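A quick write-up on the structure given underneath.
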Amino acid sequence: MKLLLLQVSLLLFLLKTTNGEVLFSSLPRSLVVVASAMEGQVLKAGEDSITVSVGLNQTVTNQTDESFKKVKVKLCYAPVSQVDRKWRKTHNDLKTDRTCQYMIYDRPYDGKVEEFKWDIEKDVPTATYFVRSYVYNDADEEIAYGQTTNDKKSDNLFVIQGISGRHMSIDIASACFSAFALLSLVGFFVIEKRQSKIKS
Amino acid sequence: MEEVVQNPDNNDRKFALPVDSEHKATEFRLLSVSTPHMRAFHLSWISFFSCFFSTFAAPPLIPIIRDNLNLTATDIGNAGIASVSGAVFARVAMGTACDLFGPRLASSGLILLTAPAVFLSAIANSPAAFLMVRFFTGFSLATFVSTQFWMSSMFSPTVVGTANGLSAGWGNLGGGVTQLVMPLVYSLIHNNIGSTEFTAWRIAFFFPALFQALSAYAVFFWGQDMPDGNYNTLEKSGEKHKDSFSQVLYHAVTNYRGWILAVAYGYCFGIELTVDNIIAQYFFDRFDVDLNTAGIIAASFGLVNMFSRPIGGLFSDFAAKRYGMRGRLWMLWVVQMGGGLLCLLLGKIGSLGLSVAVMVLFSVFVQAAEGLTFGVVPFVSRRSLGVISGMTGGGGNVGAVLTQVIFFRGSRYSTEEGISLMGVMIMCCSVVIMLIYFPQWGGFFYGPKKGVTEEDYYLSEWSAAEKEQGFHKMSLKFSENSRRQRGRKGAAVPVQSDPPTIV
């Protein structure tokens with residue numbers, strides 16, 4: 001049984017790799033994505049939420065959604081937040097593309113217009129974003145996409161304000177320990193002075 | 001803790017280790033913690049380790065910090081340069097402080113003074129704040145100088161290379177260990193305690209901060225400046241003259257050998273610091289490994305310090321047994337050139353496995369060169385040992401700033417081009433080693449001048465008036481003990497001549 005599983009997974013793995021890379025430029029814009037976040041709006045991580053709806057793009061002809069098996073909706077960085085930050089770079093090869101790093105939802109595709117409310121998680125950093133959705137086939141490859149912004153990614157962008165991660169307790173502990181360190185330093189000098197007085 | 005106080009003129013063996021006439025240990029026993037020699041060794045390497053650990057605590061957590069503080073690649077690069085530039089002047093200042101106040105007070109003082117910068121890293125909220133905390137934390141790397149000074153005060157010339165190499169190497173280890181430990185501490189706080197990412201890294205910084213502060217206390221309460229006592233004790237009893245700052249500084253800056261060694265150190269230790277800052281990124285970008293793998297490779301560069309720097313010190317002492325000071329200089333040049341060659345090669349290699357192998361070999365040579373440099377430093381000056389150590393150490397950081405600014409900022413060179421060019425620069429700059437000449441022992445090309453003794457060299461640092469008052473006693477003892485630097489061919493003890501002024 002174990003051997004069989006190993007062989008099957010090896011086969012699947014090989015199939016995946018021999019299938020090659022998926023390029024973003026090859027994907028049709030088959031989906032319509034609408035998000036509740038408006039142009040220029042500032043949302044707070046850990047407090048606010050975004051409602052996203054994804055549906056089939058009726059204006060695109062000659063397509064069928066038979067091969068759509070899974071849909072994923074992601075939060076993506078706008079170009080302004082990618083400047084001088086190689087770890088968020090856009091690559092055409094989707095395996096190495098780092099534009100979309102946060103998952104909003106990941107569901108099997110069921111043909112209806114999906115609406116989903118997502119609470120913005122606390123690990124989302126301060127940046128400018130848009131929302132993009134990919135649909136996947138059986139082999140878990142991207143076959144189509146949709147997004148809330150235009151092709152240049154200049155339109156309908158919104159801002160999320162990340163949490164600072166600071167808490168009152170950390171601030172106080174930090175200040176207290178620092179003060180204690182400096183006071184001990186003064187203490188050291190006092191002790192040294194006393195010692196040399198004793199020895200003389 | 002009680003001080004071990006001993007009359008320096010008393011040669012009774014009350015020490016756990018065999019000692020010379022200055023009561024410096026002539027043997028090095030790694031597993032001992034006997035007072036005062038081996039205890040000083042363990043205190044100095046652990047406290048220096050904690051400073052290195054704190055200074056390089058940020059790099060492994062950068063993927064989290066850069067999102068929290070909205071850093072750009074330029075911000076990250078600048079903070080990296082800032083982290084090593086503070087110590088340029090701090091190391092020279094530390095050298096002076098050691099000469100004047102003693103290594104125990106100087107190092108524990110600095111470590112405690114920079115601990116707040118590490119505590120305050122936890123509340124940094126912007127790129128500017130991040131740069132400031134890395135800058136001030138980096139000042140703590142000046143404890144390198146106090147480590148070397150302390151070892152040179154506790155160990156005899158025959159073993160000082162080994163003592164210096166081990167204490168510095170094991171201290172430098174902190175820069176490697178931190179790349180492994182900080183991510184672990186972070187995930188403990190994030191996963192097990194449940195803090196969010198942006199809170200977890202902040203709490204994680206309390207670990208290096210507390211470690212650093214505690215090591216300062218240990219040095220202050222358990223350490224001792226010299227085998228015979230602390231500076232304040234020895235000064236009161238008249239055994240140690242409280243030297244004049246301007247004289248100490250003068251004799252250091254006018255000794256050209258200090259400047260040459262500063263350049264040499266800039267091109268071994270400076271290279272190590274540069275590589276610590278850029279190597280993870282290099283492997284991540286060129287070979288497409290993930291961040292964790294890049295971190296492990298980066299860590300292994302620093303971890304090699306465990307044996308490679310001490311080996312440099314050992315090689316220095318070993319070369320000196322047979323060839324004296326000339327052997328130390330030849331070894332230094334050969335190893336430094338080897339490091340430069342491997343660096344040149346590293347940038348040219350395109351396969352991951354071979355690249356890692358060459359990188360590790362490169363790190364062995366670079367770190368051994370550091371050990372070999374500090375095999376020569378204790379002999380350049382006796383009176384101004386601290387400032388010379390500080391200048392050399394500071395030179396190391398200058399090298400780091402220079403190479404990062406020339407080769408690793410902006411997009412003029414790709415990282416691999418930068419690495420190869422850095423290798424060429426290492427080889428060119430090691431030529432200066434050939435210019436060092438000690439009249440009593442010789443130099444790279446020439447042998448010693450006939451009739452010149454160690455006393456002539458070391459006593460020329462004191463004026464006639466100072467000698468009349470007996471301030472030069474320590475230099476006299478050191479001269480005797482450094483006789484071995486003539487190597488096996490050294491003549492028997494010569495008759496003391498009228499000391500001419502030696503440049």
Side-chain angles (χ1 to χ4, degrees), chain A residues 45-46 77 80-89 91 93 95-96 98 101-102 121-128 159-200, chain B residues 3 5 62-64 66-76 101 104-105 108-125 190 195-203 205-206 209-210 212-213 216-217 220-221 229-233 235-237 281 284-285 288 291:
Chain A
Y77 291 109
V80 64
S81 289
Q82 293 175 300
V83 169
D84 203 13
R85 293 178 176 86
K86 282 178 274 195
W87 56 92
R88 295 178 183 171
K89 201 164 170 201
H91 293 273
D93 177 1
K95 274 207 178 60
T96 54
R98 312 283 291 141
Q101 297 190 12
Y102 296 93
E121 273 151 39
K122 285 188 180 170
D123 63 351
V124 177
T126 303
T128 309
V159 173
I160 295 182
Q161 188 82 38
I163 59 165
S164 73
R166 280 169 66 168
H167 290 276
M168 182 69 91
S169 50
I170 298 180
D171 289 0
I172 294 177
S174 204
C176 284
F177 278 117
S178 302
F180 188 71
L182 292 172
L183 278 170
S184 335
L185 188 58
V186 173
F188 282 5
F189 282 110
V190 169
I191 295 176
E192 277 301 290
K193 269 262 138 79
R194 278 215 192 124
Q195 287 228 329
S196 53
K197 279 207 186 113
I198 292 174
K199 307 256 157 130
S200 64
Chain B
E3 226 178 292
V5 181
I62 288 274
I64 316 292
R66 68 190 176 195
D67 277 343
N68 193 181
L69 305 185
N70 205 9
L71 304 175
T72 61
T74 306
D75 292 329
I76 297 171
F101 307 114
R104 170 184 151 260
L105 206 54
S108 58
L110 178 69
I111 295 175
L112 217 46
L113 198 61
T114 49
V118 193
F119 282 116
L120 293 172
S121 303
I123 60 175
N125 228 0
H190 177 46
S195 304
T196 61
E197 289 187 356
F198 293 168
T199 301
W201 77 263
R202 294 171 182 281
I203 300 177
F205 262 82
F206 279 86
L210 284 167
Q212 194 175 315
Y217 289 119
F220 182 79
F221 289 112
N230 282 323
Y231 271 29
N232 58 8
T233 316
E235 279 162 12
K236 284 294 168 200
S237 69
Q281 214 170 299
F284 185 80
D285 289 336
D288 266 325
L291 210 68

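Note: hydrogens, waters and symmetry copies are ignored here, and every other heavy atom, side chains too, is used. Proteins come first, then strands; the chains are lettered A, B, ... in the order of their sequence lines, and each starts at number 1. Bear in mind the structure is a predicted one, so any value in this text is a computation, not a measurement.
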Tell me, for [X] versus chain A, whether the close heavy atoms (under 4.5 Å) come from the side chain, the backbone, both or neither.
{"X": "B:Ile111", "answer": "neither"}
{"X": "B:Phe206", "answer": "side chain"}
{"X": "B:Thr74", "answer": "both"}
{"X": "B:Ile64", "answer": "neither"}
{"X": "B:Ala213", "answer": "neither"}
{"X": "B:Leu210", "answer": "side chain"}

Notebook entry, point to check: Can you list the residues that meet the salt bridge (charged side-chain N to carboxylate O under 4.0 Å, His left out) rule with A:Asp171, with sequence neighbours excluded?
Noted result: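 Applying salt bridge (charged side-chain N to carboxylate O under 4.0 Å, His left out) to A:Asp171 gives A:Arg166.
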Note to self: Using the salt bridge (charged side-chain N to carboxylate O under 4.0 Å, His left out) criterion, which residues pair with B:Asp67? Sequence neighbours excluded.
What the structure shows: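 Listed in chain order: A:Arg88.
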Notebook entry, point to check: Contact part of A:Glu192 toward chain B, heavy-atom cut-off under 4.5 Å: side chain, backbone, both or neither?
Noted result: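 Backbone plus side chain of A:Glu192, per the 4.5 Å heavy-atom cut-off to chain B.
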Next item on the list: Tell me, for A:Ala127 versus chain B, whether the close heavy atoms (under 4.5 Å) come from the side chain, the backbone, both or neither.
Entry: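 Neither part, no heavy atoms under 4.5 Å.
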Next item on the list: Please check if the side chain of B:Arg202 supplies one atom and the backbone of B:Ala124 the other of a donor-acceptor pair under 3.5 Å.
Entry: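 Looks like yes, one N/O pair under 3.5 Å.
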Margin query: Working to the nearest 0.5 angstrom, can you tell me the gap between B:Ile203 CD1 and B:Ser195 OG?
Written below: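 Answer for the CD1-OG pair, B:Ile203 versus B:Ser195, is 4.0 Å.
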Checklist line | Test item: A:Ile191 and B:Phe220 side chains (from C-beta on) under 4.5 Å apart, heavy atoms | finding: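 A side-chain contact under 4.5 Å exists here.
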Next item on the list: Could you label the plane-to-plane angle of the A:Phe177 and B:Phe119 rings as parallel, tilted or perpendicular, counting under 30° as parallel and over 60° as perpendicular?
Entry: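 Taking B:Phe119 first and then A:Phe177, their aromatic rings lie parallel (interplane angle under 30°).
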Check: Quick one: of A:Gly162, A:Ala179, A:Ser184, who has the most non-hydrogen atom pairs under 4.5 Å with chain B?
Finding: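 Between A:Gly162, A:Ala179, A:Ser184, the count favours A:Ser184.
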Margin query: Ignoring hydrogens, what is the shortest heavy-atom contact between A:Ile163 and B:Thr196? Give both atom names and the distance.
Written below: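 Residues A:Ile163 and B:Thr196, closest heavy atoms: CD1-OG1, 3.8 Å.
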